[in-house]
Amino acid sequence: MQIFKGDLIFTPTPQGFKTLKGGYIAVSKGQVEGVYQKLPALFSNFKIKNFGRRLIMPGFVDLHVHASQFYQAGVGLDQELLPWLEHYIYPLEERFADPEFAREAYARFVEELISHGTLRACIFATVHRESTALLFDLLASRGIGAYVGKVNMDCHAPPGLQEVTAVSLQETEELIKRYGGHPLVKPIITPRFAPSTTPELLAGLGSLARKYHLPVQSHLAENKAEVAWVQELFPDQPTYAHVYHHYGLLGPTPALMAHAVHLTEQEKTLLTKNSAAWLVHCPEANINLKSGMMPVRELLERGINLGLGSDIGAGHSIALYRVMVRAIQLSKIRNILEPPRAPLTTAEVFYLGTKGGGSFFGKVGSFEPGYAFDAIVVEDEALITAGFTLEERLQKFIYTGGADNIVARFVKGKRVDCGPGDCY
Ligand code: GUN
Ligand code: FE
């Protein structure tokens, strides 16, 4: 049994924070037993790891991020999606054919992710098998949780990235067999998006998802030009979402769809009925590429599973707490332009970035009994804490804090080291 003490804050529901000033968390075999304002006598013999007046909160969950694109996050963001992919992203991703380049770029990405407190992530690599394997190994060696996808593309890609359909499927299956058994870092089927995959590839990936009971991740209805292109390429499918659904890539196994900015009523209905679907809100990417505004409040009202994504490098901040802020800001702009649905609250975005996204991993993202003890410890005194409630201190941290404020990280109860900032 491990006992931690500090100022605890988490969101069991999107409706509000649960806080315990000077509270205790009991953790057994990496799982939360309970949180207590007063430590039960039952636990009095155990040593307490006392973080004093520091905040202890769940680690962040990034449901959509491109590891390869961290290298040039922030570059070329005066373009829209399709030209940005062609001019900036595809030439960058071609460089990941070189495992040495990949090793260095991925190592920096992983360290940056951990330093900002993201302890679970759903990650796109590139089409390259060897460099994707390096990313699996790196993440596993660092002890954080992830789904990692070798990207599949067999059409509408530059020659350096375009795969032969059978080879794409074969290499994907090789990685599934090699990494399928790891407890924390697992494979996920990753068709890049409908325009870069033929029907044969989509069908083959759907079969792999079913055969190995694997989740799926892709992009959905991000940008208007992209949506029009999908209609042209798949005229037999009524909508973009139906393309994935038809090939078994949006259910029956769990599926993460990033963006969902331009959904039709028919798509919203399909997603509402589909408990295997998670949508990922990537507000920074949607502003940067001028894609539009996801109808987050409406999707929440419909009961669709939702989480947050940094979408590095269409998004420019890997810090999920800053993505939370952007989600609030964008929801306010939406409310100004298209009332009356209310903007998002701090508790709602914090929920999306912890328990909401964490649900894709199982019991992750909260301090309720049975949840994995994934946590960060925040030293916020330098942000001026006197006179503020725990909820206000959390608000200050997500708006004005940074990686330097995070002084300890735990995944399933195990400490994840993160260099000199790790001082307690
Ligand atoms: N759609 C297809 N590929 C990508 C990508 O790399 N980033 C984003 N934001 N959208 C995509
Ligand atoms: Fe993306």
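Just the heavy atoms: all of them, side chains too, but no hydrogens, waters or symmetry mates, feed the values below. As the structure lists them, so they are numbered: ligands from 1, and atoms in each ligand from 1.
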Using 30° and 60° as the class limits, which term best fits the ring planes of [X] and [Y]: parallel, tilted or perpendicular?
X	Y	value
W278	F360	perpendicular
F234	Y247	perpendicular
F60	F397	parallel

Inset, instruction - Check step by step if salt bridge (charged side-chain N to carboxylate O under 4.0 Å, His left out) holds for R302 and E265. - result: CA-CA 12 Å; R302 284 172 178 264; E265 193 53 40; 2.8 Å; yes
Legend entry - Near the Fe ion (ligand 2) (cut-off under 2.8 Å), count of protein N, O or S atoms: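 Under the 2.8 Å cut-off, the count stands at 4.
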Note every protein N or O atom lying under 3.5 Å from an N or O atom of ligand 1, pairing the names and giving the distance.
from     : atom 1 : to   : atom 2 : distance (Å)
ligand 1 : 3 (N)  : R192 : NE     : 2.8
ligand 1 : 6 (O)  : Q69  : NE2    : 2.9
ligand 1 : 6 (O)  : R192 : NH2    : 2.7
ligand 1 : 9 (N)  : E222 : OE2    : 3.0
ligand 1 : 9 (N)  : D311 : OD2    : 2.8
ligand 1 : 10 (N) : H219 : NE2    : 3.4
ligand 1 : 10 (N) : E222 : OE1    : 2.7

Inset, instruction - Tell me whether the centres of the aromatic rings in H219 and F124 are closer together than 6.0 Å. - result: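 Ring centres of F124 and H219 closer than 6.0 Å.
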Legend entry - Worked verdict on L263 versus L220 for side-chain contact (heavy atoms from CB on, under 4.5 Å): CA-CA 9 Å; L263 295 178; L220 172 66; 4.0 Å; yes
Legend entry - salt bridge (charged side-chain N to carboxylate O under 4.0 Å, His left out) between E174 and K150, worked out: CA-CA 11 Å; E174 275 172 37; K150 185 203 103 61; over 6 Å; no
Legend entry - Candidate pair K224 and E80, rule salt bridge (charged side-chain N to carboxylate O under 4.0 Å, His left out), full reasoning: CA-CA 10 Å; K224 281 190 176 155; E80 286 202 32; over 6 Å; no
Inset, instruction - Verify ring pair (Phe, Tyr, Trp, His ring centres under 6.0 Å) between Y106 and F70, making sure each step is shown before the conclusion. - result: CA-CA 8 Å; Y106 283 154; F70 180 68; over 10 Å; no
